[in-house]
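Below: one structure, written as structure tokens.
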Amino acid sequence: MTTAPDAGQNTERVEIFLPSTLGYEKVARNAAQAIAEEMGFSPDRIDDLKTAVAEACMNAIEHGNQENRTASVTVLLTAASEQLEISVADEGLMPMPDTFPTPGRPGEDNRGWGMFFITHLVDQVEFTRLPKGGNRVRMIIYLTPPTDAETTSTNAQQPQ
Amino acid sequence: MTTAPDAGQNTERVEIFLPSTLGYEKVARNAAQAIAEEMGFSPDRIDDLKTAVAEACMNAIEHGNQENRTASVTVLLTAASEQLEISVADEGLMPMPDTFPTPGRPGEDNRGWGMFFITHLVDQVEFTRLPKGGNRVRMIIYLTPPTDAETTSTNAQQPQ
Amino acid sequence: MAKGDVLFRQEGTLGLLDFPRDVTAQTRETAYSAYNELARAKVRTLALNFDSTDYMNSAGIGLVISLVEDATQAGRKVFAFGLASHYRKLFNMVGLMERLSLAADEQEVKTKAAENS
Amino acid sequence: MAKGDVLFRQEGTLGLLDFPRDVTAQTRETAYSAYNELARAKVRTLALNFDSTDYMNSAGIGLVISLVEDATQAGRKVFAFGLASHYRKLFNMVGLMERLSLAADEQEVKTKAAENS
Ligand SMILES: Nc1ncnc2c1ncn2[C@@H]1O[C@H](COP(=O)(O)OP(=O)(O)O)[C@@H](O)[C@H]1O
Ligand SMILES: Nc1ncnc2c1ncn2[C@@H]1O[C@H](COP(=O)(O)OP(=O)(O)O)[C@@H](O)[C@H]1O
């Protein structure tokens with residue numbers, strides 16, 4: 001794992017490794033908040049981002065890493081002048097499904113809203129099963145957000 | 001850099017790499033807050049910890065790494081059942097002095113209170129010049145804090 | 001890493017659930033036992049108090065949906081108060097806003113519950 | 001990554017400095033230019049308003065010490081208000097509490113400044 005700064009001249013990168021224990025998603029959520037505040041995002045958008053980041057980390061901990069103590073979650077936060085990108089990768093002990101079920105599973109405490117929040121709260125999102133194993137969620141928010149039409153129609157992508 | 005969980009059975013470890021840019025100390029500060037809240041520390045103690053962590057990271061960025069873009073700051077947060085340990089290491093482009101000056105440098109905007117805060121706001125602190133280069137500050141706060149007498153007399157150590 | 005329990009209070013035909021700081025999957029057990037007490041007491045209005053809540057994740061929101069569905073099926077009117085604007089937005093996204101009424105605070109809930117009793 | 005400027009306001013012989021959300025080394029320039037305006041206007045009381053401040057680091061506290069020293073040497077009485085309890089603790093640790101008076105809010109500062117004018 002290298003810690004060299006990103007190739008881009010105007011980007012700054014933070015790398016975080018979390019244990020696969022529920023609750024630690026808040027570390028990534030708080031870290032994203034610190035960077036987004038420094039970048040000047042509005043409080044509303046920061047709240048949206050915090051939920052998306054927490055949900056992506058929870059999924060990595062719970063599903064991708066099966067809460068396995070030896071697996072870790074890698075969170076990369078890359079701040080550029082006009083956007084903040086956050087990628088959350090797990091070790092893929094459970095691979096991401098090709099399609100996500102309809103949100104809300106009655107009878108199971110209506111779980112299943114995480115992916116729905118992730119795809120609706122950030123400007124762009126991409127789900128990938130990594131070639132060397134592991135699942136990754138890449139989320140981007142822009143300081144100048146795209147129009148609503150763009151946001152809702154083009155952001156969600158299933159794993160390739 | 002390995003991400004294996006700490007040897008201790010009941011410890012959880014978070015690893016963070018920060019760029020050497022002022023402002024990013026807030027990422028570590030917020031991360032420490034998330035863990036300390038989960039552990040049940042009181043709001044006052046969490047505020048103390050946040051200041052100590054921010055100051056240690058600022059020093060690593062500004063002094064140890066000379067705000068050099070190719071250098072990074074490594075923050076390890078290790079949560080055990082009764083204590084939270086946070087270590088902040090830089091690459092030592094500027095080595096830590098053997099003794100720290102009296103806090104407050106008049107004529108220089110009274111800079112120089114960072115070390116004073118670090119040593120007074122956490123329960124234990126240790127400054128080390130690492131054999132392979134780099135400076136490290138290790139800070140510990142306990143869920144059940146030691147008495148005042150212990151805190152003020154035994155916590156500060158100069159680099160060895 | 002759980003953060004607090006759901007507590008219940010009953011005032012006549014009004015039942016209140018006081019949610020803790022974190023509302024997550026870990027909140028399930030105390031939420032249901034508190035809700036079941038109020039259901040046994042046959043309250044006609046259910047008020048969800050989120051004054052202390054500052055973290056709610058998708059599992060916590062799913063739990064709230066389940067409670068609201070159960071209460072609605074049992075013919076109870078459901079109110080919520082103390083919700084931060086971000087969580088009002090999330091409640092709206094999952095359709096919860098159509099199944100409950102927002103109140104400004106506990107006082108407003110009490111006034112409205114009196115009309116419903 | 002700076003976060004806001006120090007602004008100044010003058011009301012008779014009272015000068016107010018409104019500190020931004022972050023008080024750090026980056027706050028230096030606007031703090032001094034705001035302070036210098038008030039000094040030129042010969043205010044007799046200086047009030048530091050920290051209502052909006054939620055992050056102050058050691059460099060920011062050093063800056064406040066410098067401003068307070070300068071004001072005191074010029075014979076001005078210095079007040080501070082809006083300080084969160086953690087920063088009151090830090091101000092105490094660095095000896096600032098002996099060099100300034102805390103006020104509950106802007107109104108109290110105005111009342112006290114009137115006594116000092
Ligand atoms: N990182 C991941 N690794 C493996 N499977 C995942 C991952 N993220 C999501 N999933 C799958 O997608 C489903 C829906 O996720 P989500 O909408 O977050 O709801 P929930 O986590 O409550 O089930 C999960 O139940 C899981 O099967
Ligand atoms: N990580 C570090 N690497 C090198 N030198 C350091 C480091 N931390 C502190 N120092 C030295 O100790 C001095 C005092 O630090 P501090 O009390 O934080 O005040 P300030 O940063 O305002 O100078 C610094 O000026 C610097 O010379």
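Contact annotation for E108(B): neither backbone nor side-chain heavy atoms come within less than 4.5 Å of a heavy atom of chain D. In this structure, chain B has a heavy atom under 4.5 Å from the side chain of I61(D), while its backbone stays farther away. The contact between A25(D) and chain B is made entirely by side chain atoms (from C-beta outward), counting heavy-atom distances below 4.5 Å. For R29(B), the part lying under 4.5 angstrom from a heavy atom of chain D is the side chain only. Residue L67(D) does not touch chain B at all, counting heavy-atom pairs closer than 4.5 Å.
The closest side-chain heavy-atom distance from T45(D) to K112(D) is not below 4.5 Å. Residues L49(B) and I86(B) are in side-chain contact: their nearest non-hydrogen atoms beyond the backbone lie under 4.5 Å apart. Using a 4.5 Å cut-off on side-chain heavy atoms (C-beta onward), S58(D) and F116(B) make no contact. The shortest distance between side-chain heavy atoms of V125(B) and T119(B) falls below 4.5 Å.
Salt bridge K77(D)/E115(D): absent, no basic N to carboxylate O contact under 4.0 Å.
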